[in-house]
Amino acid sequence: MRVSIVIPAYNEADFIGPCLQAALAEIQRSKIEAEIIVVNNASTDRTREVALSYPLVTVVDENEKGLSRARQRGFVSSHGELVANIDADTRMPAGWLTQVVEAFDKDSKLVVLSGPLVYFDTSPFTRLLVALYYCFGFFVYFVNRFILRIGSLVQGGNFVIRRSALEQIGGFNPKFSFYGEDADVARRLHKVGRVRFTLGFRMPSSGRRLMTE
């Protein structure tokens, strides 16, 4: 198995369907050997039933709520050389899996590939602000990784980890219930290999949480 696509989901019955459709379409388009694992994280809606209605999708349960716990459950249930972590409200674009495999094939020391989220259901002004935020974030990433050499940058919902590297650091830290798990992974994996963040590795996503906050 080349790529495991892990999707944590808590009460995502309204969003998980289009996410799975996009992922299945990309697997079919790319012809890359991949599996999809949905982690039902104590949902009280029909998330589990909706996910199981799609072919080639495996559903595992993590009854203790928490994003890192869900990602870890998906990781230990997966088989791929590369573990792709996306969110239930993302829409994997055409070429995403191909870009993943090519990046890791070209660089044997690469342990993480990540990039920005692009919010498809927000206003143009909000998307502009987010783009400026990522430009600033990329500058900080560049300084931290290449000049200070103290860390890197990973965007939750759009990152792929080499399995051997994730095993080396002991997997995801369950202490992070939602925010911060991506920064923690970036910090720990920076010590074992290359953590690459590139603005060209984009993932369409819903901006519902951003707008709520």
Legend entry - Side-chain H-bond candidate by donor/acceptor type, Glu35 with Ser4, under 3.5 Å: yes
Legend entry - Summary of side chain to side chain donor-acceptor pair (under 3.5 Å) pairs that have at least one residue in residues 190-205, sequence neighbours excluded: Asp107-Arg194
Inset, instruction - Hey, can you tell me if Trp96 and Phe201 have their rings parallel, tilted or perpendicular (30° and 60° cut-offs)? - result: parallel
Inset, instruction - Could you check if a side-chain atom of Ile161 sits within less than 4.5 angstrom of a side-chain atom of Val111, using non-hydrogen atoms only? - result: no
Legend entry - Thr90 vs Asp87, side-chain hydrogen bond (donor to acceptor under 3.5 Å, both in side chains): CA-CA, chis, key distance, verdict: CA-CA 6 Å; Thr90 57; Asp87 288 340; over 6 Å; no
Legend entry - Spacing of CZ belonging to Arg73 relative to CG belonging to Asn63, to within rounding of 0.5 Å: 8.5 Å
Legend entry - Asp182 with Arg71: basic N within carboxylate O range, under 4.0 Å: no
Legend entry - Interatomic spacing from NZ in Lys175 to CZ in Arg69 - rounded to 0.5 Å: 11.0 Å
Legend entry - Residues clustered with Leu129, ILVMFWY side-chain links under 4.5 angstrom: Phe125
Inset, instruction - Determine whether the aromatic ring centres of Phe138 and Tyr141 lie less than 6.0 Å apart. - result: yes
Inset, instruction - Inspect the contact between Glu26 and Arg29 and indicate whether a charged nitrogen and a carboxylate oxygen are less than 4.0 angstrom apart. - result: yes
Inset, instruction - Give a yes or no on whether a salt bridge exists between Glu12 and Arg208, defined as a side-chain N under 4.0 angstrom from a carboxylate O. - result: yes
Inset, instruction - Indicate whether the side chain of Ser206 and that of Asp121 have a donor and an acceptor atom separated by less than 3.5 Å. - result: yes
